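Hydrogens, waters and symmetry mates are skipped; everything else that's a heavy atom, side chains included, is used. Because the structure is predicted, anything quoted here is derived from the model rather than measured. Each chain gets a letter, A, B and so on, in the order the sequences are listed, and its residues count up from 1.
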2 protein chains.
Amino acid sequence: MTSSAPPTQPRRSDATRAAILRAARERFAADGYERATIRAIAADAQIDPSMVMRYYGSKEGLFAAAAEFDLRLPDLTSVPPARLGEVLVRHFLARWEGDETLVALLRAASTNPGAAERMRGIFANQLTAAVATFGTDPTLTARRAGLVASQVLGLAFTRYIVRLPPMVDTTPDELVSWVAPTLQRYLTGTPPS
Amino acid sequence: MTSSAPPTQPRRSDATRAAILRAARERFAADGYERATIRAIAADAQIDPSMVMRYYGSKEGLFAAAAEFDLRLPDLTSVPPARLGEVLVRHFLARWEGDETLVALLRAASTNPGAAERMRGIFANQLTAAVATFGTDPTLTARRAGLVASQVLGLAFTRYIVRLPPMVDTTPDELVSWVAPTLQRYLTGTPPS
DNA sequence: GTCTATAATTCGATAGAC
DNA sequence: GTCTATCGAATTATAGAC
């Protein structure tokens with residue numbers, strides 16, 4: 001929340017911390033968890049490597065801080081039901097193009113168990129909660145959320161990680177047109193018997 | 001030297017080579033490229049680490065040999081057009097469950113540029129070629145193949161890598177029912193205007 | 001708060017005996 | 001073909017001077 005904050009003035013180290021986190025996100029996104037070294041991150045942030053350890057304790061602690069993420073999903077109850085898929089794809093694409101944190105998380109989740117756990121938490125909690133706003137069966141809700149995650153993460157994986165040419169060259173609007181009906185059916189479609 | 005003799009008999013080292021490749025696939029699939037060490041792979045195969053170097057030259061060479069992969073896509077021209085999506089999902093799921101090579105490739109592609117390049121090659125060549133059997137516009141064909149890849153790789157990523165609970169718990173048959181219509185539309189649907 | 005120096009591992013790769 | 005020994009490099013993390 002806002003703070004019952006005493007006259008706490010911003011510490012001078014806050015700027016340094018922010019620079020470290022920014023560099024960390026870039027490196028983790030570009031190189032993955034194990035290839036992104038504390039030395040390289042510190043060099044990018046133009047500070048000494050030991051400062052990273054001082055501020056974040058360990059490489060895992062640094063990643064945990066750098067990979068903090070909120071999907072910022074819109075309130076789905078205020079979206080016309082027929083446009084749920086479109087709104088959701090567009091939101092994810094915008095969220096991805098504008099913030100490399102999710103790319104860092106995605107890449108790291110492939111090899112780092114902690115990152116995978118965090119990814120599970122984000123989608124299990126935030127996405128499933130959003131889907132649960134219209135639907136009663138918990139099992140079906142979880143499955144719908146999982147299917148949406150499979151398409152959305154596959155989109156990110158092929159576009160930002162593996163960089164399949166046709167997925168890189170296609171504009172966000174075109175991707176939305178193709179993928180929206182998929183999410184729409186996963187969200188609201190009749191379950192197959 | 002000795003042999004102009006093509007009746008090549010199996011060398012004794014072939015068994016060793018096969019054991020190395022099997023262990024390599026397991027380790028690359030479980031740990032990714034950088035965490036899978038030559039030492040660990042050799043230990044699994046119960047041989048000396050230096051033998052791996054002798055046979056495959058380098059870690060990259062070992063991965064290149066271990067990640068050789070063929071999607072073994074069926075001939076899509078002999079499939080009823082309305083069932084293309086179903087046939088394709090079922091094929092991919094079977095191919096994935098039965099051979100961990102693709103999981104190894106998927107995990108490694110997240111952090112290793114060479115593995116990503118191989119992944120691009122597999123989907124750009126094999127999958128695009130299969131899609132090209134029905135369709136004339138090369139750009140549209142590539143896009144259809146890319147979209148199929150995004151859903152199929154997203155399925156694999158959420159089920160085998162991140163292990164999202166709802167995607168792990170769902171049976172292959174149920175997954176086919178949900179995902180088949182998606183692939184069907186990506187393959188044969190009218191392009192959005 | 002910042003930096004130097006270094007400990008303690010671990011890895012890929014090489015050399016060479018047998 | 002197989003193994004021992006080891007090199008050289010890179011990493012995270014710590015200790016301590018200033």
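We find that CG of L62(A) is positioned 10 Å from P of dA13(D), with the value rounded to whole Å. Rounded to whole Å, atom P of dA10(D) lies 16 Å from atom CD of E34(B). Atom P of nucleotide dA15(D) and atom CG of D48(A) are separated by 17 Å, given to the nearest angstrom. If you measure from atom CD of Q46(B) to atom P of dC3(D), you get 11 Å, rounded to the nearest angstrom. Rounded to an integer number of Å, the gap from R54(A) CZ to dC3(C) P is 12 Å. For the pair I47(A) CD1 and dG1(C) P, the computed distance is 13 Å after rounding to whole Å. When rounded to the nearest whole Å, the span between CE of M53(A) and C1' of dC3(C) equals 15 Å. Atom NZ in K59(B) sits roughly 15 Å away from atom P in dT14(C) (whole-Å rounding).
Seen from the ring of Y186(B), R144(B) does not count as a face-on cation partner, given the 6.0 Å and 45° thresholds. Both the sub-6.0 Å distance and the 45° axial angle are satisfied by R17(B) relative to the ring of Y56(B).
Remark: A104(B) pairs with F28(B), A29(B) by the side-chain contact (heavy atoms from CB on, under 4.5 Å) rule, at least two apart or across chains.
Residue T37(A) has its side chain nearest to dT11(D) when only dT6(D), dT4(D), dT11(D) are considered. Checked against dT2(C), dA13(C), dT4(C), the side chain of Y55(A) finds its nearest nucleotide in dT2(C). Distance from the side chain of I38(A) is smallest to dA13(D) among dT6(D), dA13(D), dC3(C). Closest approach to the M51(B) side chain among dT2(D), dC11(C), dT14(C) is made by dT2(D) (side chain taken as heavy atoms from C-beta onward).
No engagement by Y56(A) is indicated, since no non-hydrogen atom pair under 4.0 Å with the nucleic acid exists.
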- Task: Check the pair S177(B), E174(B) against side-chain hydrogen bond (donor to acceptor under 3.5 Å, both in side chains), reporting the backbone distance first and the verdict last.
- Result: CA-CA 5 Å; S177(B) 299; E174(B) 287 172 303; over 6 Å; no

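Nearest-nucleotide positions on DNA chain D for S58(A) and S50(B) put S50(B) closer to the 5' end.
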